[in-house]
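Note that these values count all heavy atoms, side chains included, but never hydrogens, waters or copies made by symmetry. Just follow the structure's listing: the first ligand is 1, and inside any ligand the first atom is 1. Given the structure is predicted, the values throughout are model-derived calculations rather than measurements.
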Amino acid sequence: MTDLKEILSNFPVSTEISLYGNGHINDTYITNGSPSYILQKMNTKIFKDTERLMQNVVAVTSHVREKIIKDGGDPERESLTVIPTNDGKNYYASPDGDAYRLYIFIKDAVTYDVPENPKQMYEVGKAFGKFQKQLADFNIDVLYETIPNFHNTPKRVENLEAAIKKDAFGRANEVKKEIAFARKYSKYADLIQNGISDGSIPLRVTHNDTKINNVMLDLKTGKAVCVIDLDTVMPGSLLYDYGDALRTGAATAPEDEHDLSKMYLNMDCFYEFSKGFLSYTKDTLTKKEIELLPLSVLILTYECGIRFLEDYLNGDTYFKTHYNKQNLYRTRTQFKLVKDIESKLPDMQKIIDKILEGLK
Ligand code: ADP
Ligand code: GN1
Ligand code: MG
């Protein structure tokens, strides 16, 4: 059992500490008292080079910070702030090989796993759009790729096929239906990747994990405050951020909902998010990006579904699970969402055309 007080003594903070948050990757803790801090044990199984990861985080937050100050905002509330260790490092490497970082706790703000109303999605859309814009002049070449091929969907299909072949936990038979679905819908998998390869989709600095619980909203006003969870800020396609945000932001049920009839794409949330996101990004979009906006929601949802399925087949080693078969339930909701999105593609296109027309 890790002694968190002992870990915390390496930072200029000393208080009680308790478990916090709902993420699938890192272990998050909050310190008592005011000001509060977020202590995070980074997942070193997933993030192999925490030194370079933290260099990314510091470089990105410093860049964003300058923009916020220029706009007269509060950088300690509108961006993550890394608190260095007592010896001036941007994270603490413990003797047993773990890696911890400390952030200022953003107070009077909350995150949601599923939106409470469509207007929230306007705020989330603006937050990710603004984040994208703030980093438009950031030098992409200095970013270390924390997880190579993170949103390379065809590669994710290959990984799934490898997991099916290996069937290390004897689960492939149980998930025959899901495997058949994954194979049928793999026809969509390479559309974004092809655009990147042929140059019609530019690489930009993207967040790559635009789940709605990675945006903090003000407790009182409901306005977006800060984009968090910057571990996967890497060169990528804007379509990754757009599609992945709608995967959770326009979903009508939690990721592991058991009753699939509750899971579909809420078109009001789709509209609100798109309006917010495009208000910041419309001027930079290429023709191909615009064309693929609706399909990107399907592709990113499909990708997440096959990642959950792959993890289930591999014995649940990547995503945190809290009960048996949770990754299988997550797979099913994503696949249900994919089907629903497919039936709504023409309507999604009409909504985007209308928004872009209105923003001219
Ligand atoms: P994970 O990678 O595991 O998803 P996150 O960085 O997203 O980890 O953190 C998990 C949760 O902790 C977030 O959804 C948010 O609610 C909370 N959190 C993280 N950082 C902060 C912060 N600086 N201030 C307030 N809450 C935070
Ligand atoms: C993970 O860290 P968190 O919970 O925000 C994952 C995302 C998935 C998401 C699915 C680094 O996000 O890619 O879309 O779970 N992050 C990483 O809920 O793999
Ligand atoms: Mg998170």
Side-chain angles (χ1 to χ4, degrees), residues 18-31 35-48 50 53-54 56-57 61 75-83 99-114 124 128 145-153 156 159 206-219 225-234 236 240-241 243-249 251 254-257 297 299-311 316-322 326-327 329-331 333-334 337:
S18 44
L19 201 59
Y20 194 75
N22 234 349
H24 289 352
I25 305 295
N26 297 305
D27 293 347
T28 304
Y29 305 91
I30 183 174
T31 68
S36 286
Y37 298 91
I38 285 282
L39 178 77
Q40 257 179 350
K41 180 176 165 193
M42 292 175 254
N43 188 325
T44 45
K45 240 172 56 190
I46 293 177
F47 300 112
K48 307 281 184 220
T50 38
L53 181 151
M54 286 308 290
N56 276 5
V57 172
T61 51
E76 291 188 357
R77 187 160 164 74
E78 294 168 38
S79 172
L80 285 176
T81 308
V82 176
I83 304 287
Y100 294 84
R101 65 182 163 212
L102 195 71
Y103 287 127
I104 290 183
F105 177 80
I106 297 162
K107 62 176 182 176
D108 302 325
V110 272
T111 55
Y112 297 87
D113 292 337
V114 177
V124 174
F128 283 128
E145 231 185 325
T146 55
I147 305 180
N149 291 312
F150 191 57
H151 284 306
N152 183 337
T153 318
R156 295 284 186 187
N159 296 348
T206 46
H207 182 282
N208 296 307
D209 189 0
T210 49
K211 230 163 128 168
I212 73 159
N213 67 12
N214 288 331
V215 175
M216 310 223 44
L217 300 180
D218 190 283
L219 203 55
V225 175
C226 179
V227 168
I228 60 167
D229 204 346
L230 305 178
D231 296 332
T232 51
V233 175
M234 289 182 280
Y240 300 157
D241 283 0
D244 200 34
L246 284 157
R247 177 185 74 76
T248 51
E255 240 171 15
D256 66 340
E257 173 62 55
V297 190
I299 295 165
L300 271 292
T301 306
Y302 168 79
E303 181 191 279
C304 196
I306 63 171
R307 288 176 65 198
F308 288 142
L309 183 57
E310 181 203 343
D311 199 32
D316 307 309
T317 56
Y318 186 95
F319 297 103
K320 276 187 192 161
T321 53
H322 307 285
Q326 191 171 11
N327 271 324
Y329 286 111
R330 288 172 176 155
T331 305
T333 59
Q334 300 307 293
L337 206 48

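- Ranking protein heavy atoms by distance to atom 6 (O) of ligand 1, first place goes to Gln40 NE2, 2.8 Å.
- To the nearest 0.5 Å, atom CE of residue Met234 and atom OG1 of residue Thr206 are 7.0 Å apart.
- When each atom of ligand 1 is checked for a heavy atom of Asn214 under 4.0 Å away, the hits are 7 (O).
- In this structure, Leu230 and His207 have side chains that are in contact, with non-hydrogen atoms separated by less than 4.5 Å.
- Using a distance-only test at 3.5 Å, with no hydrogens or angles considered, no donor-acceptor pair links the side chain of Ser79 to the main chain of Cys226.
- Nearest protein heavy-atom contact of atom 11 (C) of ligand 1 is Gly21 CA, 3.8 Å.
- Counting heavy atoms from C-beta on, the side chains of Thr333 and Asp256 never come closer than 4.5 Å.
- Here the side chains of Asn208 and Asp241 are in contact, with some heavy-atom distance below 4.5 Å.
- By heavy-atom distance, the residue among Val82, Ile104, Asp229 lying nearest atom 2 (O) of ligand 1 is Asp229.
- Formation of a donor-acceptor pair under 3.5 Å by the Thr301 side chain with backbone atoms of Gln334 is not found in this model.
- Ile106 places a side-chain heavy atom less than 4.5 Å from the side chain of Leu80.
- Heavy atoms from other residues, nucleotides or ligands lying under 6.0 Å from NZ of Lys107 number 12 at most.
- Residues Thr317 and Asp311 are in side-chain contact: their nearest non-hydrogen atoms beyond the backbone lie under 4.5 Å apart.
- Atoms of ligand 1 found under 4.0 Å from any heavy atom of Leu80 (numbered from 1 in listed order, with element): 23 (N).
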Taking it one step at a time, do Tyr302 and Arg247 satisfy side chain to side chain contact (heavy atoms under 4.5 Å, CB included)? CA-CA 9 Å; Tyr302 168 79; Arg247 177 185 74 76; over 6 Å; no

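- With Ile106, Val215, Ile30 as candidates, the residue nearest to atom 24 (N) of ligand 1 on a non-hydrogen basis is Ile106.
- When hydrogens are left out, the protein atom nearest atom 21 (C) of ligand 1 is Ile38 CG1, 3.5 Å; that is the closest non-hydrogen contact.
- Nearest to atom 26 (N) of ligand 1 among the protein's heavy atoms is Met216 SD, 3.6 Å.
- In the model, Asp231 has a side-chain atom that pairs as donor or acceptor with a side-chain atom of Asn26 under 3.5 Å.
- No side-chain N or O of Glu76 forms a donor-acceptor pair with one of Thr81 less than 3.5 Å apart.
- Taking 4.0 Å as the cut-off, Leu230 does not count as a neighbour of ligand 1 on heavy-atom distance.
- No salt bridge links Arg77 with Asp108; every basic N to acidic carboxylate O contact stays at or beyond 4.0 Å.
- Contact annotation: for Asn26 versus ligand 1, heavy atoms closer than 4.0 Å belong to both the backbone and the side chain.
- Distances shorter than 2.8 Å separate the Mg ion (ligand 3) from the protein N/O/S atoms Asn214 OD1, Asp229 OD2.
- Nearest protein heavy-atom contact of atom 14 (O) of ligand 1 is Asn213 O, 3.0 Å.
- Protein residues lining ligand 2, listed by chain and number: Gly23, His24, Ile25, Phe47, Phe150, Asp209, Lys211, Asn214, Asp229, Thr232, Arg247, Glu255, Cys304, Arg307, Phe308, Tyr318, Phe319 [non-hydrogen atoms, distance under 4.0 Å].
- In this structure, atom 13 (C) of ligand 1 lies nearest to the protein heavy atom Ile228 CD1, 3.5 Å.
- Counting only heavy atoms from C-beta outward, the side chains of Tyr20 and Phe105 approach each other to under 4.5 Å.
- Looking at Asp209 against ligand 1, nothing comes within 4.0 Å, counting heavy atoms.
- The protein non-hydrogen atom at the shortest distance from atom 16 (O) of ligand 1 is Thr111 OG1, 3.0 Å.
- Phe319 has its side chain within reach of Arg307: a pair of non-hydrogen atoms, C-beta onward, lies under 4.5 Å apart.
- With no hydrogens or angles considered, a side-chain donor-acceptor pair links Arg330 and Asn327 at under 3.5 Å.
- When hydrogens are left out, the protein atom nearest atom 12 (O) of ligand 1 is Thr28 CG2, 3.7 Å; that is the closest non-hydrogen contact.
- You'll find the side chain of Ile38 reaches within 4.5 Å of the side chain of Thr28, heavy atoms only.
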